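These figures come from a predicted structure and were not determined experimentally. Counting convention: from 1, in listed order, for ligands and their atoms alike.
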Amino acid sequence: MSGNGNGTEREQWGSRMGFMLAAAGSAVGLGNIWRFPYVTGKNGGAAFLIIYLAMVFCIGASVMLAEFAIGRASKRNSVGAFRKLKGGAWPIVGWLGLIVAFLILSYYAVIGGWTLAYIFKSFTGLMTAGSAEDVQNIFLTFIADPVQVIAAFFVFMALVVVVVYRGVGEGIEKYCKVLMPGLFIILIILMVRALSLPGAAEGVAFYLKPDFSKVTGATVIDALGQAFYSLSLGMGILITYGSYISNDEDLPKSVATVTFLDTMVAFLSGLVIFPTVFAFGVDAGAGAGLSFIALPAVFSKMWGGPVWSALFFALLFIAALTSSVSLFEVVISYCMDELKWTRARSSWIMGTAIFLFGIPSALSNGAMDIKLFGMGFLDGLDWLCNNLLLTTCGILICLFAGWVVGDRMKKEVTNDGGRPFALLSPWTWILRVVAPAAILVIIYNGLK
Ligand code: PHE
């Protein structure tokens, strides 16, 4: 295996398509499916969608391009990238990203375990529960059962290790090439089913009817926060994935494709969720409650319920798995480049470390009373990462690419001048001023 940090050649993506699907796999996660539809429905439907698109394509895409460029210019992990391009105190930014990736994975994989367990539960008691209350009890009992959640978390984490252990081309890319088309197919099947339910139109109307009266400053901040999280920015993932991109790849075009795919999945998820919950008059919330309680309750009333439910959890499972793989690769790439460990050694050691660190998150949902910042451990960690660490890292990445190594970045995105990029100068100013200022507002708001 190449690229094990012992002076052999660095691994690369095998194909353009494979790289796109891997990057899209990172971006498409629980945030697309259980958060985006709800935030959109709450914030004025199509009115929010327009603002979200503006945030994704102006600011989100700019930061993504900066991360890919930093990665490809340095061909290093997130820490090594900053050291190679500039040095000084800048590698701290890479460290921050690395730590965030480690922390997020430790609880993201816990939820990944839940999705995996629920694929199987779809065929057992879940679908024969009489009422929404029963479904809720099943969920609360499940996440409070230490044996079941730890076992599911362990299996999920083991799958992440198995994928990453095989390498960039042979592992991550190969799996994403199968899993991502699978995800799209499941999404389309669920959407067709949802849209053909009686009363679906009402759900679609709630989701998309433009209501500009709901658009405020807070809406714009929500849109930007969601864009940032959804595109997996600010934690070294795209720097790491960027470091495996070949030199003749067109970076701006790659960014456009990945951004488009991510947005498409988020948009279509809303067309699954709202028609489904509206058809059965269930309250649509966000997050775990929607996915593990409201939707199973609805599926249980549908003909073929177990199949719909299993398909939905398979969708969540794939979304969570490919995102987790990208988080893990940040850590592995660091161990290989900087500690000179082999990929195998890095995978087993770090996989174990993350599993152990994730145990409090796994147990903090009813099994034990473990708190962080006055919240359950899992929620506290999520709050810390999303509101503080990831955003801070995002600002620093923008400033670095915009001001510190600006010329190097311009060369990188144009392939040394070989591929002119029409938006070069707006891009630079977004990185230098617009994005950092906008992200500061998100942080301020999150701390309030
Ligand atoms: N982008 C993923 C989503 O939308 C979330 C994620 C964040 C994944 C950070 C990996 C790392 O759910």
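- For atom 8 (C) of ligand 1, the nearest non-hydrogen atom of the protein is Ser323 CB, 3.6 Å.
- Contacts with ligand 1 closer than 4.0 Å are made by side-chain heavy atoms of Ile237 only, the backbone lying farther away.
- At a heavy-atom cutoff of 4.0 Å, ligand 1 is contacted by no atom of Asp262, backbone or side chain.
- Less than 4.0 angstrom separates some heavy atom of Ser26 from each of these atoms of ligand 1: 1 (N), 2 (C), 8 (C).
- Inclusion of Val28 in the set of residues having an N or O under 3.5 Å from an N or O of ligand 1 is not warranted.
- A side-chain hydrogen bond (donor to acceptor under 3.5 Å, both in side chains) with Tyr244 is found for exactly one of Glu11, Glu173, Arg72, Glu329, namely Glu329.
- Between Leu231 and ligand 1, a contact under 3.5 Å exists for no N or O pair.
- Nearest to atom 4 (O) of ligand 1 among the protein's heavy atoms is Asn32 OD1, 3.0 Å.
- In terms of protein heavy-atom proximity, atom 7 (C) of ligand 1 is nearest to Tyr229 CE1, 3.7 Å.
- Note: Phe400 and Trp90 have tilted aromatic rings, judged against thresholds of 30 and 60 degrees for the angle between ring planes.
- Taking the centre of each ring, Phe36 and Tyr52 come in below the 6.0 Å mark.
- Within the 4.0 Å heavy-atom criterion, neither part of Ala101 lies near ligand 1.
- Atom 12 (O) of ligand 1 has Gly31 N, 2.7 Å as its closest protein atom, hydrogens excluded (heavy atom only).
- Residue Gly29 approaches ligand 1 through these ligand atoms, each under 4.0 Å from one of its heavy atoms: 3 (C), 4 (O), 12 (O).
- For ligand 1, the polar-atom distance check against Ile104 finds no nitrogen or oxygen pair separated by under 3.5 Å.
- Taking atom 6 (C) of ligand 1 as the reference point, the nearest protein heavy-atom neighbour is Ser232 OG, 4.0 Å.
- A centroid separation of less than 6.0 Å is found between the aromatic rings of Tyr118 and Phe142.
- Residues Trp95 and Tyr334 are in side-chain contact: their nearest non-hydrogen atoms beyond the backbone lie under 4.5 Å apart.
- Nearest protein heavy-atom neighbour of atom 2 (C) of ligand 1: Ala27 O, 3.4 Å.
- Below 3.5 Å of separation, one finds no N or O of Ser326 facing any N or O of ligand 1.
- With hydrogens and angles left out, the side-chain atoms of Lys121 and Gln148 include a donor and acceptor closer than 3.5 Å.
- Not one N or O on the side chain of Ser309 forms a donor-acceptor pair closer than 3.5 Å with the backbone of Gly305.
- The distance between the ring centers of Phe154 and Phe355 falls below 6.0 angstrom.
- Between Trp114 and Phe139, the gap from one ring centroid to the other is short of 6.0 Å.
- The side-chain contact (heavy atoms from CB on, under 4.5 Å) test with Val56 is passed by exactly one of Leu224, Leu231, Ile51: Leu231.
- At least one heavy atom of Tyr108 sits under 4.0 Å from some atom of ligand 1.
- For atom 9 (C) of ligand 1, the closest non-hydrogen atom on the protein side is Met235 CE, 3.1 Å.
- For Phe267 and Phe260, the gap between ring centers reaches or exceeds 6.0 Å.
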